[in-house]
Amino acid sequence: MPHALNEPILDWYADNARDLPWRRPDASAWAVMVSEFMLQQTPVTRVLPMYEAWLARWPTPTDLADAEPGDAVRAWGRLGYPRRALRLHGAATAIRDQHNGEVPDDHDKLLALPGVGEYTAAAVASFAFRQRHAVLDTNVRRVLARTVDGTEYPPQATTAAERRTAGDAMPLDDETAATWAVAIMELGALVCTARTPRCADCPVAALCAWRLAGKPPYEGPPRRGQTYAGTDRQCRGKLLAVLRDAAGPVPKTALDAVWEDALQRARALDGLVADGLVEPVADGVYRLPTGAPVNA
DNA sequence: CACTCGTGGAA
DNA sequence: TTTCCAAGAGT
């Protein structure tokens, strides 16, 4: 007997799905993978233009692997979390060198790629290769937390109980499970939103445990807000922006100009170098990574 | 497992 | 204005 969530959500998705480029039938597995990297912690509206430009420039994994990692970092622009650009380049390189240039369709092989974790491996296997996997992103976890568990928000980190819940809720055959995965994700993105859920438009409002319980407010460990101003992250962002906007190597004096605190600035720059996002060229000169071996 | 890692838009 | 948070991964 199918899970009660299946049919209403599949029907709702058939009528309400957004037309996103990575969902079109002609989207390659590589296109799906690129979209998933970009969508990590980043809203769809900001991803769309970068996604188009990226795939136009690097239509296949090998195209990206053959480019310098610094070009990937520069093309990432202001999407945020630029290590994703480096990891996507690393994933492309692994695909070129170990998978004959083709995105692997095996979940474990996907998981072994840099930048691919539990969610992204399941998403690519499901969306691109139409396999049955529990695709647990923030949207899906929130929908299941509300409809099944009766809580406003899921726990901070994904739990075994959530994986079991997701597995139980999935349709049994691969093709339907793949569609359902994107459908419940879309429901979370458009209707069962984090702040002001539109329960009046929800296809499963009638059976939602959280709504039926009177929408009890979230109780649990406070989800600590991420302050940003004055942090190392902001400093790293400023430094990397200088490197991105420059055509070539940049003298340290140009980096010194964008952040007051010298100690924090040095720490941030060290971090960027350690992450491989910045490469020291010569004494007091830095650039985006070339991929060439660094002579120590 | 708690923490780090960017950025910008909406409430 | 401040706060929240958006298709997470890696350590």
Side-chain angles (χ1 to χ4, degrees), chain A residues 17-18 20-23 27 31-51 73 76-88 90-91 110-128 133-144 152-160 162 166 178 181-190 192-198 218 221-244 258 267-268 270-272 274-278:
Chain A
R18 288 170 291 180
L20 299 172
W22 45 85
R23 287 183 188 162
V32 172
M33 177 172 285
V34 169
S35 78
E36 291 305 335
F37 269 75
M38 291 185 171
L39 286 163
Q40 291 168 5
Q41 299 288 284
T42 309
V44 167
T45 53
R46 282 178 51 209
V47 164
L48 281 170
M50 311 302 294
Y51 167 88
V73 173
W76 199 255
R78 304 189 63 80
L79 262 187
Y81 292 144
R83 291 188 294 190
R84 290 182 293 167
L86 227 44
R87 290 174 183 153
L88 183 51
L110 288 165
L111 198 54
L113 298 172
V116 177
E118 175 183 355
Y119 162 76
T120 301
V124 173
S126 177
F127 303 157
H133 294 281
V135 182
L136 280 172
D137 81 317
T138 185
N139 292 302
V140 175
R141 296 180 60 217
R142 187 174 56 248
V143 172
L144 292 176
E152 186 175 17
Y153 298 117
Q156 185 131 7
T158 304
T159 63
E162 286 184 274
V182 69
I184 188 173
M185 187 178 303
E186 188 80 333
L187 183 66
L190 299 183
C192 193
T193 53
R195 251 177 281 189
T196 313
R198 303 170 48 194
Y218 172 80
R223 313 187 284 162
R224 57 177 251 278
Q226 41 188 350
T227 53
Y228 183 61
T231 60
D232 285 9
R233 293 161 79 169
Q234 185 184 28
C235 182
R236 286 166 56 107
K238 297 257 191 205
L239 296 176
L240 196 62
V242 173
L243 277 294
R244 265 201 321 263
V258 298
R267 185 171 65 235
D270 282 349
L272 288 169
D275 289 344
L277 283 163
V278 173

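This is a predicted model, so every value here is computed, not measured. Chain identifiers are assigned alphabetically (A, B, ...) following the order of the sequence lines, protein sequences preceding nucleic acid strands; residue numbering begins at 1 within each chain.
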>> Regarding B/dG6, can its base be found pairing with the side chain of A/Arg233 as donor and acceptor, where the two atoms are less than 3.5 Å apart?
In response: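 Indeed there is one.
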
Under 3.5 Å, is there any donor-acceptor pair linking the side chain of A/Thr42 to the base of B/dG8?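 Side chain to base: no pair present.
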
Whole-Å gap separating [atom2] ([N]) and [atom1] ([X]):
X: A/Asp270; N: B/dT4; atom1: CG; atom2: P; answer: 18 Å
X: A/Leu190; N: C/dA7; atom1: CG; atom2: C1'; answer: 12 Å
X: A/Trp76; N: B/dG8; atom1: CH2; atom2: P; answer: 14 Å
X: A/Arg46; N: B/dT7; atom1: CZ; atom2: P; answer: 9 Å
X: A/Lys238; N: B/dG8; atom1: NZ; atom2: C1'; answer: 13 Å
X: A/Leu88; N: C/dG8; atom1: CG; atom2: C1'; answer: 14 Å

Selected nucleotide, minimal atom distance to [X] side chain, candidates [options]:
X: A/Gln40; options: B/dG8, C/dG8, C/dA7; result: C/dG8
X: A/Tyr153; options: B/dG8, C/dC5, C/dA7; result: C/dC5
X: A/Arg83; options: C/dA7, B/dC5, C/dA6; result: B/dC5
X: A/Arg195; options: C/dG10, C/dG8, B/dA10; result: B/dA10
X: A/Thr120; options: C/dA7, C/dG8, B/dT7; result: C/dG8
X: A/Tyr81; options: C/dA9, B/dG6, C/dA6; result: B/dG6
X: A/Arg87; options: C/dA7, B/dG6, C/dG10; result: C/dG10

Students often get this wrong, so: under 4.0 angstrom with heavy atoms, is [X] touching a base, only sugar-phosphate, or nothing?
X: A/Gln234; result: nothing
X: A/Leu20; result: base
X: A/Leu79; result: base
X: A/Arg142; result: sugar-phosphate
X: A/Arg267; result: nothing
X: A/Val116; result: sugar-phosphate
X: A/Ala157; result: nothing
X: A/Gly117; result: sugar-phosphate

Exercise: identify the closest heavy-atom pair between A/Met185 and A/Phe127
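Between these two residues, the closest heavy atoms are CE-CZ, 3.7 Å.
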
Exercise for the section: Please name the pair of heavy atoms, one in A/Trp22 and one in A/Ala27, separated by the smallest distance, quoted to 0.1 Å. Expected result: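 Looking at all heavy atoms of both residues, the shortest contact is O-CB, 3.7 Å.
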
Query raised in the report: What residue among A/Arg244, A/Met38, A/Met50 forms side-chain contact (heavy atoms from CB on, under 4.5 Å) with A/Trp76?
Result: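 Exactly one candidate clears the test, A/Met38.
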
task: Considering only atom P, compute the distance from B/dA11 to C/dA7 and round it to an integer number of Å.
output: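 The same atom, P, in both gives a distance of 14 Å.
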
Next on the checklist: Please give the distance between the P atoms of B/dG8 and C/dA9 as a whole number of Å.
Outcome noted: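 One P to the other, the span is 23 Å.
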
For B/dG6 and A/Arg236 - does any side-chain N or O of the residue sit under 4.0 Å from the phosphate oxygens OP1/OP2?
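Looking at the OP1 and OP2 atoms of B/dG6, one of them is under 4.0 Å from a side-chain N or O of A/Arg236.
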
Any A/Arg78 side-chain N or O less than 4.0 Å from OP1/OP2 of B/dG8:
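So the side-chain polar atoms of A/Arg78 do come within 4.0 Å of the phosphate oxygens OP1 or OP2 of B/dG8, strictly under.
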
Check: Is the backbone of A/Gln40 close enough, under 3.5 Å, to the side chain of A/Thr42 for a donor and an acceptor to pair up by distance?
Finding: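 Answer holds: yes.
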
